[in-house]
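What follows is a short report on a single structure.
Reckoned from all heavy atoms, side chains included, excluding hydrogens, waters and symmetry mates.
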Amino acid sequence: MKQEQFVARHQAEWVAFEQWLQARGDARAARGERNTLELGDEDVPQRYRRICQQLALARRRGYSPVVTTRLQDLMQRGHNLLYRPPPPRWRRVGEFLLAGFPRLVRSEAGCMWASLALFAIPLVGWFVLLQYRPELIHALMDPQQIAAYERMYDPANPAQRLGRDSGTDWAMFGVYIMNNISIGLRTFASGLLFGVGTILVLIFNGIGIGATFGHLVQIGYGDPLFRFACGHGAFELTAIVIAGGAGLRLGFSLLAPGRRRRIDALVEGGKKGAKLCLGVAAMLLIAAFIEAFWSSIGSIPAAVKYSVAAVLWTLVLSWLFFGGRGHDALAPHGRTVVPGARPGMLGPGDPQADASRHGRRREWQKESVDAA
C-alpha cells in the first residue's frame with residue numbers, strides 16, 4: 001500500500017485520537033465532564049493498539065518521517081495516559097467519600113427513603129404522643145433510665161457538660177465511637193434476616209429517640225437537649241438512616257434475587273452494603289468528635305449552637321444530594337475514564353470482557369489486517 005493511501009485510510013481515526021487526547025488527557029478534568037467526542041473512552045485501548053500496529057507497519061514499509069513521527073507521538077501520548085500509575089490511596093479514599101459514597105447512596109434511593117420512613121415515623125409519632133400522654137414513657141423506660149436522662153439535661157444543673165454524667169472529652173469520644181458504630185453495623189448486618197432485623201432496629205431506634213425527646217420536652221428540658229443534639233445529629237441520624245438503607249438492600253437481595261442465584265445476589269448486595277458502611281463509619285466518627293468536643297459544652301449560647309447545626313445539616317444534605325454529580329452524567333453513557341486503565345482492558349458490560357485467549361488472538365489478527 002502506498003503511503004498516500006495509508007494516510008488517507010487512517011487519517012480520520014488519527015484525528016479522532018488526537019482530539020480525545022487533547023480533551024480527555026487530564027483525568028481530573030475529564031471526571032467531571034461528559035464525553036461528547038466521536039471517540040468514546042471505552043474505545044481508547046483498542047484504538048491505541050491499532051495505532052501501535054500502524055506505526056509498526058509504517059516503519060516496516062519505510063514511510064516518510066512525517067508519518068512515523070506523527071504515529072510515534074500518538075503512541076507515546078497514549079502510552080503515558082493509559083499506563084500512568086493509579087492515584088495515591090489517600091486520594092482514592094477522598095474521592096470515594098466526596099463523590100463515590102453520595103453517588104452510591106443515591107443509587108439506592110428507594111431503600112434510603114424506606115429506611116427514613118421506618119426511622120422517622122416512630123420517632124415523630126412517639127414525640128407527639130408523649131406531649132398528650134406523658135405517662136406512656138413508663139411503658140418504654142424504667143425509672144432509672146428516666147432519672148438519668150433528666151439529670152443530664154436538667155436546666156438547673158450547674159455542670160457545664162450536657163448529655164453526660166461524667167467523663168473527659170477524650171474518654172467520651174471513645175465511648176461515642178463504639179456506641180455509634182455498633183448501632184450502624186447492627187442496623188446493616190441485621191438485614192441478613194431478610195431485612196426484618198433492619199426494620200426492627202430502625203423502628204426501635206426511632207421509638208427510643210422519639211420517646212426520650214418527647215419526655216424531656218414535655219417536662220421543660222427541651223432547651224439543653226436540643227442544644228446538645230442539634231450539632232452532631234446531622235451526621236449521626238443521617239448515618240443511621242443510610243445504614244438502614246444498606247441493610248434493607250441486603251435483605252431485598254435475599255428476598256428478590258431476580259434471575260441470579262440467591263448467594264450471588266447476597267454477595268453483590270453485601271459488597272455494596274460494605275462500601276456504604278465505610279461511609280457510614282466515617283460519618284459516625286465525625287459525629288462522635290462533634291458530640292464529645294462541641295455538643296456537650298453547655299456554656300455556648302443557643303443561637304451559636306443552632307447556627308452551627310444549620311451549617312452542618314446544609315453541608316451533609318448538599319453532599320449527599322449533589323456529591324459526585326459529574327460522575328453521574330458519565331455513567332448512563334458508559335463513557336468514564338478508568339484510573340489506571342491498561343491497553344486491552346475492557347470495561348464492565350463489554351461483550352469481549354470474558355473472551356478467551358484464542359478469541360483475543362483472533363481479534364488482534366483482525367486488527368492487524370485492518371491496520372494494513
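The environment of CZ in Arg260 is crowded: more than 12 heavy-atom neighbours from other residues, nucleotides or ligands sit within 6.0 Å. Sparse packing is recorded around OH of Tyr149, with 12 or fewer heavy atoms of other residues, nucleotides or ligands lying under 6.0 Å away. Environment of CZ in Phe173: crowded, with over 12 heavy atoms of neighbouring residues, nucleotides or ligands closer than 6.0 Å.
Using a 30° and 60° split on the angle between ring planes, Phe321 and Trp113 fall in the tilted class, from 30° to 60°. Under the 30°/60° scheme for interplanar angles, the aromatic rings of Phe226 and Phe213 are found to stand perpendicular. Ring orientation note: the planes of Phe293 and Trp170 are nearly perpendicular, at an angle over 60° on the 30°/60° scale.
Scanning all heavy atoms of the two residues, the minimum distance from Lys305 to Cys230 falls at O-SG, 3.7 Å. Pro155 and Gly220 make their closest contact through CG-O, 4.0 Å (heavy atoms, listed as atom of the first residue, atom of the second, distance). Contact detail for His232 and Ser295: the closest heavy-atom pair is ND1-OG, 2.9 Å. Shortest non-hydrogen contact noted between Met75 and Cys52 is CG-SG, 3.5 Å. Minimum heavy-atom separation, Phe17 to Arg47: CD1-CG, 3.7 Å.
Under a 3.5 Å cut-off, the side chain of Ser115 and the backbone N or O of Met112 do not form any donor-acceptor pair. Trp319 places a side-chain N or O within donor-acceptor distance of the main-chain N or O of Leu97, the cut-off being under 3.5 Å.
For the pair Phe289 and Leu285, the minimum side-chain heavy-atom distance is 4.5 Å or more.
Side-chain contact of His10 with Glu13: a donor-acceptor pair under 3.5 Å is present, judged by distance alone. Between the side chains of Gln72 and Arg59, at least one donor N or O sits under 3.5 Å from an acceptor N or O.
Think of Val311 as one node in a network of Ile, Leu, Val, Met, Phe, Trp and Tyr side chains linked at under 4.5 Å; its network also takes in Leu315.
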Report, one line per pair, each donor and acceptor closer than 3.5 Å where one atom sits in a side chain of residues 198-205; sequence neighbours left out.
{"from": "Thr198", "atom 1": "OG1", "to": "Thr187", "atom 2": "O", "distance (Å)": "2.8"}
{"from": "Thr198", "atom 1": "OG1", "to": "Ser190", "atom 2": "OG", "distance (Å)": "3.4"}
{"from": "Thr198", "atom 1": "OG1", "to": "Gly191", "atom 2": "N", "distance (Å)": "3.0"}
{"from": "Asn205", "atom 1": "ND2", "to": "Val201", "atom 2": "O", "distance (Å)": "2.8"}

Cut-off 3.5 Å, no hydrogens considered: what does the side-chain donor-acceptor table look like for residues 248-258, sequence neighbours left out?
{"from": "Arg249", "atom 1": "NE", "to": "Glu108", "atom 2": "OE1", "distance (Å)": "2.9"}
{"from": "Arg249", "atom 1": "NH2", "to": "Glu108", "atom 2": "OE1", "distance (Å)": "3.1"}
{"from": "Ser253", "atom 1": "OG", "to": "Arg249", "atom 2": "O", "distance (Å)": "2.9"}

